[in-house]
Visitor: 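Please read through the structure below; I'll follow up with questions.
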Amino acid sequence: MRLHRNLVYTTIDSLNAIFNEGEYADKVVARALKKDKRWGSSDRKFVAETIYEIVRWKRLYAEIADVKEPYDRDNLWRMFAAWAVLRGYPIPDWRQLEGTPERKIKGRFDELSKNRAIKESIPDWMDELGVKELGEKVWAKEITAQNQQAKVILRTNTLKTTKEKLRAILMDLDIETEFLPDQADALVLKERANVFLTDAFKQGLFEVQDASSQLVAPFLDVKPGMRVVDTCAGAGGKTLHIASLMENKGQLIAMDLYESKLKQLKLRAKRNSAFNIEYRIIDSTKVIKKLHEKADRVLIDAPCSGLGVLKRNPDAKWKLQPEFIDNIRKVQAEVLENYSKIVKPGGKLVYATCSVLPSENQEQVERFLKTEIGKQFTFVEDRKILASESGFDGFYMALLERKESVKKQE
């Protein structure tokens, strides 16, 4: 187990792009992995995992190394040295790592680990917010779970295959998977692998989608032949799942504010052979008004803080700001009020977020049910999924039904 200079240099360059130039970790990692064609799978694994680890534990390593933002290259090397010592790597005699104080690093780690915000490597405001909304005990477990590496979960595209057949195809490629209890289409990878390079992916036999996210489309209770609207479709992971549950029968309208996201969804839909999707950009209020009371089912996968998916997006810990969460709550309330009007009497609505905060979840639903339009809905059920309990992403989903006939409010 030794450190290789070219891999470590790439890691340092990548951390500089993420911490100092505001780039997103997933994009930086994807670029880093293309840097040298001679790298084998273990080299690429080292680069990807080390970048993500240091991003995930940025605050802890910065405190141990006693460095402050903005980090110059010497600071980044000191943080890397802290990572390497705590991971048990022998420190090579490179100029950048000269004089690495190994005993001091271990001592600082023990001392700093007594403070939860530093130990779990999150900003103080986030720790305070988590405690305020979930309570000390639940939040402590949840943030620990959110710092684990996310598992790779596949969702079988049932328009093209079954999970049993998909499992056998992947087994032939030496990619071992396991079924998940209570999940109709999910397969969990036993070991991480770049599944995007497989022919099975290129042929549209599966998508990569977390187990919690895979619960949303079935919760919406869609049937073939319905008219279904996905109001915040984005790049369309849940849209594609809905299309497969509809067996390509009926009308599925995918809407988003951003044309670029819908273009991505079009490409994915083509690969998936999902042919019942229509694409609409929300560029004016007319787009929504035209659909008032027209849909059997509506999904509002609302914009949120993303505090349920930190294990998947560790750099969000540092990009997220308290003001953003205040603003996003207002957006959630508006979206729920406006898009709920698309549901026809007797139809159903699911409001979902990838957050674990009650203020973005059940409190939003409770507030909505007291509004003029909200009084036309009944609450059916909701699901609160914590990473600390499920082992997967934190998620929330609420199912509401629009009343068949509504007497005019006096």
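All values derive from a computational prediction rather than experimental measurement.
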Visitor: May I ask you to test the Tyr351-Leu400 pair for a side-chain heavy-atom distance under 4.5 Å?
Guide: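 Tyr351 vs Leu400: side chains apart.
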
Visitor: From Ser244 OG over to Arg155 CZ, what is the distance, rounded to the nearest 0.5 angstrom?
Guide: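 Spacing of OG (Ser244) from CZ (Arg155) equals 5.0 Å.
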
Visitor: Just by modelled atom types, is the Ile253 backbone N or O under 3.5 Å from a matching donor or acceptor in the Glu278 side chain?
Guide: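 Checked: no pair found.
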
Visitor: For Trp139, does the six-membered ring have the charged nitrogen or CZ of Lys132 within the cation-pi criterion, i.e. under 6.0 angstrom from the centroid and within 45° of the normal?
Guide: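 Cation-pi check for Lys132 and Trp139: fails.
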
Visitor: Take Phe377 and Phe368, measure what ring-ring contact (aromatic ring centres under 6.0 Å, His included) needs, and give me the verdict at the end.
Guide: CA-CA 9 Å; Phe377 285 81; Phe368 166 71; 5.6 Å; yes

Visitor: Donor-acceptor check, side chain of Gln332 to backbone of Pro303, threshold 3.5 angstrom: yes or no?
Guide: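 Yes; at least one donor-acceptor contact below 3.5 Å.
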
Visitor: Does Asn75 use its side chain to pair, donor to acceptor, with the backbone of Val67 at less than 3.5 Å?
Guide: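 Looks like no, no N/O pair under 3.5 Å.
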
Visitor: Counting the benzene-type ring for Trp, do Tyr71 and Trp77 have ring centres under 6.0 Å apart?
Guide: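 Between Trp77 and Tyr71, which both carry aromatic rings, the centre distance is not below 6.0 Å.
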
Visitor: So among Glu207, Lys266, Lys160, which one has a side-chain contact (heavy atoms from CB on, under 4.5 Å) with Arg271?
Guide: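 Testing each of Glu207, Lys266, Lys160 against Arg271, the sole residue satisfying side-chain contact (heavy atoms from CB on, under 4.5 Å) is Glu207.
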
Visitor: Can you confirm whether Lys263 is buried at NZ, in the sense that more than 12 heavy atoms of other residues, nucleotides or ligands lie under 6.0 Å from that atom?
Guide: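 No.
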
Visitor: Do Phe275 and Leu159 have side chains that get closer than 4.5 Å, going by heavy atoms?
Guide: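 Answer no - side chains too far apart.
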
Visitor: With no hydrogens and no angle check, just 3.5 Å: does a side-chain donor-acceptor pair link Asn147 and Lys317?
Guide: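 Yes - a donor-acceptor pair under 3.5 Å links their side chains.
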
Visitor: Give, for atom CD1 of Ile242 and atom CG of Leu299, the distance between the pair rounded to the nearest 0.5 Å.
Guide: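 Interatomic distance, Ile242 CD1 to Leu299 CG, rounded to 0.5 Å: 5.0 Å.
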
Visitor: Would you call the rings of Phe201 and Phe206 parallel, tilted or perpendicular, taking 30° and 60° as the class edges?
Guide: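 Answer is tilted, since the angle falls between 30° and 60°.
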
Visitor: Go through the side-chain N and O atoms of Gln96 and Tyr9 and say whether any donor and acceptor fall under 3.5 Å apart.
Guide: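 There is such a pair (donor and acceptor under 3.5 Å, judged by atom type) between the side chains of Gln96 and Tyr9.
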
Visitor: Short question: side chain of Gln183, backbone of Ala211 - any donor-acceptor pair under 3.5 Å?
Guide: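 At least one qualifying donor-acceptor pair exists.
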
Visitor: Any Lys/Arg nitrogen of Glu53 or Arg56 sitting under 4.0 Å from an Asp/Glu carboxylate oxygen of the other?
Guide: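 Judged by the 4.0 Å cut-off on N to carboxylate O distance, Glu53 and Arg56 do form a salt bridge.
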
Visitor: What residue pairs, at least two apart or across chains, pass salt bridge (charged side-chain N to carboxylate O under 4.0 Å, His left out) with a residue in residues 228-242?
Guide: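 Non-adjacent pairs meeting salt bridge (charged side-chain N to carboxylate O under 4.0 Å, His left out): Lys238-Asp301.
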
Visitor: With a 4.5 Å cut-off on side-chain heavy atoms, are Ser213 and Asp393 touching?
Guide: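 Of all side-chain heavy-atom pairs linking Ser213 with Asp393, none is under 4.5 Å.
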
Visitor: Roughly how far, to the nearest 0.5 Å, is CG of Leu76 from CD1 of Ile54?
Guide: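 Between Ile54 CD1 and Leu76 CG, I get 9.0 Å after rounding to 0.5 Å.
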
Visitor: Just wondering, are more than 12 heavy atoms of other shown residues or ligands nearer than 6.0 Å to OH in Tyr24?
Guide: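 No, because the 6.0 Å sphere around OH of Tyr24 holds 12 heavy atoms or fewer from other groups.
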
Visitor: Could you go step by step and tell me if Glu337 and Arg367 meet the salt bridge (Lys or Arg N to Asp or Glu O under 4.0 Å) rule?
Guide: CA-CA 10 Å; Glu337 208 156 312; Arg367 187 212 56 80; 3.8 Å; yes

Visitor: Taking atom CD as the centre, does Glu259 end up with more than 12 heavy-atom neighbours from other residues, nucleotides or ligands that are less than 6.0 angstrom away?
Guide: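 Open.
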
Visitor: Main chain of Lys311, side chain of Gln146: is a donor-acceptor contact present, judged purely on distance under 3.5 Å?
Guide: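 Present.
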
Visitor: Could you measure the distance from the OH atom of Tyr339 to the NE2 atom of His292? Nearest 0.5 Å is fine.
Guide: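 One finds 10.5 Å between OH of Tyr339 and NE2 of His292.
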
Visitor: If only side-chain N and O atoms count, and only distance matters, is there a donor-acceptor pair under 3.5 Å linking Asp382 with Tyr396?
Guide: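 Indeed, the side chains of Tyr396 and Asp382 share at least one donor-acceptor pair under 3.5 Å.
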
Visitor: Go through Arg73 and Asp13 one step at a time and tell me if the salt bridge (Lys or Arg N to Asp or Glu O under 4.0 Å) criterion holds.
Guide: CA-CA 9 Å; Arg73 288 190 84 78; Asp13 288 343; 2.5 Å; yes

Visitor: Can any side-chain N or O of Asn157 pair as donor or acceptor with the backbone N or O of Asn272 at less than 3.5 Å?
Guide: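 Present.
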
Visitor: Keeping Arg329 on the side-chain end and Glu360 on the backbone end, is there a donor-acceptor pair under 3.5 Å?
Guide: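 Pair absent, no side-chain N/O of Arg329 close to backbone of Glu360.
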
Visitor: Might you confirm whether atom CG of Asp182 has over 12 heavy atoms from other residues, nucleotides or ligands at distances under 6.0 Å?
Guide: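 Open: at most 12 neighbouring heavy atoms sit under 6.0 Å from CG of Asp182.
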
Visitor: For Tyr52, what residues pass the ring pair (Phe, Tyr, Trp, His ring centres under 6.0 Å) criterion, not counting sequence neighbours?
Guide: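 Checked Tyr52 against ring pair (Phe, Tyr, Trp, His ring centres under 6.0 Å); zero matches.
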
